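Accompanying notes for the structure given below.
Letters go in sequence order (proteins before strands), and every chain restarts at 1. For clarity, every value in this text was computed on a predicted model and none was experimentally measured.
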Amino acid sequence: TQLLEQSPQFLSIQEGENLTVYCNSSSVFSSLQWYRQEPGEGPVLLVTVVTGGEVKKLKRLTFQFGDARKDSSLHITAAQPGDTGLYLCAGMSNTGNQFYFGTGTSLTVIP
Amino acid sequence: DTEVTQTPKHLVMGMTNKKSLKCEQHMGHRAMYWYKQKAKKPPELMFVYSYEKLSINESVPSRFSPECPNSSLLNLHLHALQPEDSALYLCASSQDRDRGLGGGGYTFGSGTRLTVV
């Protein structure tokens, strides 16, 4: 059973376009993280959100944690080729200390 | 030093070989992890070490054998692997097992790209 479902699974867009990646679950999470993984590298932590309704900005990236702490979104404004990579949400369920990765979103930004 | 260092970066081995993957961190983290990742898929947890003791083994076949010689080092010994074991093997660390989230998160190494022939 996959607790964290991401959509879309694959995304290919032109440079300058905006996009949103979703991370959804039927379970409540005490906190969620977003990672970006470039080809040939390990995942790199982008942000941690811990409070329902929280919004965090990191330059052109905006992260939101759902009010009920069951979902999260990542919005990228004016995408650049350097944003290309695998985006992973990850979280620890509220019912225990098990850590889960989402199903992943592979983003390609075409120059 | 805020890195997790993995060696080797690439490894090709035959099904009868014995090899080891190595992971090192000097951040004082007390939890270390091995993950297996196939292309464009999320990492799958294999093992968790907490304070140098194995705390989680996610039903991994015995041909994978982890070892934690001290708080900074984590090894993964490989023996009699199958071609389907070819993948990117990632090591990660966190402050401790229950505080990977909410704090500095998990720090991942760049991985070892393993090919079994």
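- In B/K40, the NZ atom is not crowded: 12 or fewer heavy atoms of neighbouring residues, nucleotides or ligands sit closer than 6.0 Å.
- Of the atoms belonging to A/Q9, it is side-chain heavy atoms, and not backbone ones, that fall under 4.5 Å from chain B.
- Annotation: B/K18, atom NZ; neighbour count of heavy atoms from other residues, nucleotides and ligands within 6.0 Å does not exceed 12.
- Taking hydrophobic clusters as Ile, Leu, Val, Met, Phe, Trp and Tyr residues chained together by side-chain heavy-atom distances below 4.5 Å, A/L45 shares a cluster with A/F101.
- The shortest distance between side-chain heavy atoms of B/P42 and A/L4 does not fall below 4.5 Å.
- Contacts of B/Q37 with chain A are made by side-chain atoms alone, with heavy-atom separations under 4.5 Å and no backbone atom involved.
- Residues B/V48 and B/L73 are members of separate hydrophobic clusters, defined by side-chain heavy-atom contacts under 4.5 angstrom among Ile, Leu, Val, Met, Phe, Trp and Tyr.
- Of the listed residues (B/G109, B/C91, B/S110), the one with the most heavy-atom contacts under 4.5 Å to chain A is B/S110.
- With a 4.5 angstrom heavy-atom cutoff, A/Q37 touches chain B only via side-chain atoms.
- Heavy atoms from other residues, nucleotides or ligands lying under 6.0 Å from NZ of A/K57 number 12 at most.
- Ring centroids of A/Y35 and B/Y106 are separated by 6.0 Å or more, keeping the two rings apart.
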